[in-house]
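Data block below; observations after.
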Amino acid sequence: REARIACTAMVQIQELQAQSERRCAYCSDLAGQKVCALCRDMSYCSKGCQQAHWKTHKKECSRAFEPAAKEPPKVKNPCARCGKEGVKKSGDIWYCSHECSSSEVSDLTAKIKQLTDPQKHVREEADRL
């Protein structure tokens, strides 16, 4: 992870150095911070130049830029059933909604019934089919 951060920092430094020398692909003025979001090869001085040049650039755009994968944000108290942020606590278990907590109870009730009388559960399943 540290190597990835260092590599990302080096790439950002190289991009900043290159930006100071870049010219707008449309009007040839000194380019600002605008670059093609798909390839990062073309620089522009303004959004207007970027939009005007798109008709030409889209034919040759490599679309090669792939941003670093973002890690999903960590949920503070994840729901025991679906993983969303929990708001209701039942003992040491968090649930995001009444539906998740009640379905969890229904699942546990069914498991308990199955453990107490396994043949009854088989009969109920056969009756449903």
Stepwise side-chain contact (heavy atoms from CB on, under 4.5 Å) test for Tyr26 and Gln50: CA-CA 7 Å; Tyr26 187 70; Gln50 188 175 12; over 6 Å; no
Distance (rounded to the nearest 0.5 Å) between Glu99 CD and Cys82 SG: 10.0 Å
Verdict with supporting geometry, Met42 and Glu60, side-chain contact (heavy atoms from CB on, under 4.5 Å): CA-CA 11 Å; Met42 294 291 160; Glu60 60 195 34; 3.9 Å; yes
Closest non-hydrogen atom pair between Ser62 and Asp41, with its separation: OG-OD2, 3.9 Å
For Ile112, the rest of its hydrophobic cluster, which grows through side-chain links under 4.5 angstrom: none
Rounded distance [0.5 Å steps], CG in Asp29 versus SG in Cys45: 5.0 Å
Minimum heavy-atom distance between Ala80 and Tyr95, given as atom pair plus value: CB-CE2, 4.0 Å
Main-chain N/O of Cys79 paired with Glu85 side-chain donor or acceptor, under 3.5 Å: no
Closest heavy-atom pair and its distance - Cys36, Tyr44: N-CE1, 4.2 Å
Nearest-0.5 Å distance that lies between atom NZ in Lys58 and atom CZ in Arg63: 9.0 Å
Stepwise side-chain contact (heavy atoms from CB on, under 4.5 Å) test for Cys24 and Ser43: CA-CA 5 Å; Cys24 176; Ser43 300; over 6 Å; no
Cys39 versus His57, closest heavy-atom pair with distance: SG-NE2, 3.5 Å
Smallest separation among heavy atoms of Ser28 and Arg23, with atom names: O-CD, 3.1 Å
Gap between atom SG of Cys96 and atom CZ of Arg81 - 0.5 Å precision: 8.5 Å
